[in-house]
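Structure record follows, encoded as structure tokens.
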Amino acid sequence: MTTLDVVEGDITRLDVDAIVNAANESLLGGGGVDGAIHRAAGPDLLAECRTLHGCKTGDAKITRGYRLTARHVIHTVGPVWHGGKQGEPALLASCYRRCLTVAQSHHLESIAFPAISTGIYGYPKQPAAEIAVREVKAHAGNIERVIFCCFDKATAELYRAVIARSG
Ligand code: AR6
């Protein structure tokens with residue numbers, strides 16, 4: 001049985017087997033949570049990312065965590081929001097599923113997700129949280145703990161409400 005937790009704060013501080021990075025297809029860094037993760041992990045993370053040759057939207061790739069407390073980083077690429085009719089919900093769902101699959105194939109027990117696509121990529125927070133919770137509940141498998149790491153209080157409250165409604 002997987003425990004779902006909502007934590008408010010900076011994902012780079014979490015002590016988990018893997019934190020998820022909301023990256024772009026280059027995997028070579030950016031702003032938002034991606035920038036924060038690269039700053040906290042140090043330059044060896046970028047060096048490993050260069051060996052991965054990018055990542056398609058909806059897919060995920062794993063690296064080590066370097067200077068992070070987290071042992072690994074699972075880099076995923078969420079969709080840019082174009083109004084919702086260009087496959088964005090399916091691509092966002094795929095991000096969560098692929099991260100969970102990669103985590104399980106590495107026998108990881110704990111993973112923390114940011115709210116993928118809801119910053120620079122513009123995905124509305126409510127439907128994004130509903131997809132995140134639905135996919136994690138359906139596909140967490142034998143992962144012991146999944147954390148939704150929310151950067152602000154409003155997002156944390158949104159996730160708590162979505163989880164409560166999901167039963
Ligand atoms: N810890 C937890 N959550 C955070 C942190 C943090 N340190 N920093 C931001 N967030 P974003 P995206 C939240 O923009 O929308 C990058 O340039 C933030 O409040 O980081 O998927 C990449 O390289 C928001 O709720 O990612 C891509 O080009 C969520 O994390 C692009 O941005 C995601 O916001 C990806 O955009």
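One-based numbering, in listed order, for ligands and for the atoms of each. Model, not experiment: these values are computed from the prediction.
Looking only at protein heavy atoms, the nearest one to atom 26 (O) of ligand 1 is Ala22 CB, 3.8 Å. When only non-hydrogen protein atoms are considered, atom 31 (C) of ligand 1 lies nearest to Tyr121 CE2, 3.5 Å. Closest protein heavy atom to atom 21 (O) of ligand 1: Ser117 N, 2.8 Å. Residue, atom and distance of the protein heavy atom nearest to atom 6 (C) of ligand 1 are Phe151 CE1, 3.3 Å. Looking from atom 25 (O) of ligand 1 to the surrounding protein, the closest heavy atom is Thr118 OG1, 2.9 Å.
Ligand 1 is approached by Gly9 to a heavy-atom distance shorter than 4.0 Å. Under the 4.0 angstrom criterion for non-hydrogen atoms, Gly78 is not in contact with ligand 1.
Dense packing is recorded around NZ of Lys137, with more than 12 heavy atoms of other residues, nucleotides or ligands lying under 6.0 Å away.
Checking Ala115, Ala129, Gly32 against atom 33 (C) of ligand 1, the nearest heavy atom belongs to Ala115. Which of Val33, Ile120, Asp152 comes nearest to atom 14 (O) of ligand 1 through a heavy atom is settled by distance: it is Ile120. Of the candidates Asp34, Val7, Ile11, Asp34 brings a heavy atom nearest to atom 23 (O) of ligand 1.
Residue Asp10 has at least one nitrogen or oxygen atom sitting less than 3.5 Å from a nitrogen or oxygen atom of ligand 1, judged on distance alone. Checking only distances, Gly31 does come within under 3.5 Å of ligand 1, N or O to N or O. In terms of polar-atom proximity, Gly119 is counted as a contact of ligand 1, with an N or O under 3.5 Å from an N or O of the ligand.
Put simply, the residue from Asp5, Asp15, Asp17 that forms a salt bridge (charged side-chain N to carboxylate O under 4.0 Å, His left out) with Arg145 is Asp5. With respect to Thr63, the side-chain hydrogen bond (donor to acceptor under 3.5 Å, both in side chains) criterion is satisfied by exactly one of Glu48, His75, His72: His75.
Between the side chain of Glu130 and the backbone N or O of Val162 there is no donor-acceptor pair closer than 3.5 Å.
Within ligand 1, the atoms closer than 4.0 Å to a non-hydrogen atom of Lys125 are 25 (O), numbered from 1 in the order shown.
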Test log, rule side-chain contact (heavy atoms from CB on, under 4.5 Å), inputs Leu108 and Ile62: CA-CA 11 Å; Leu108 306 187; Ile62 191 167; 4.2 Å; yes
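Rounded to the nearest 0.5 angstrom, Cys150 SG and Arg160 CZ are separated by 7.5 Å.
The minimum heavy-atom distance between Ile143 and Ala103, with the atom names listed, is CD1-CB, 3.9 Å. Closest approach of Leu68 and Thr12 over heavy atoms only: CD2-O, 3.7 Å.
Ion pair Glu8/Lys153 not flagged as a salt bridge, since none of the NZ, NE, NH1 or NH2 atoms sits closer than 4.0 Å to an Asp/Glu carboxylate oxygen.
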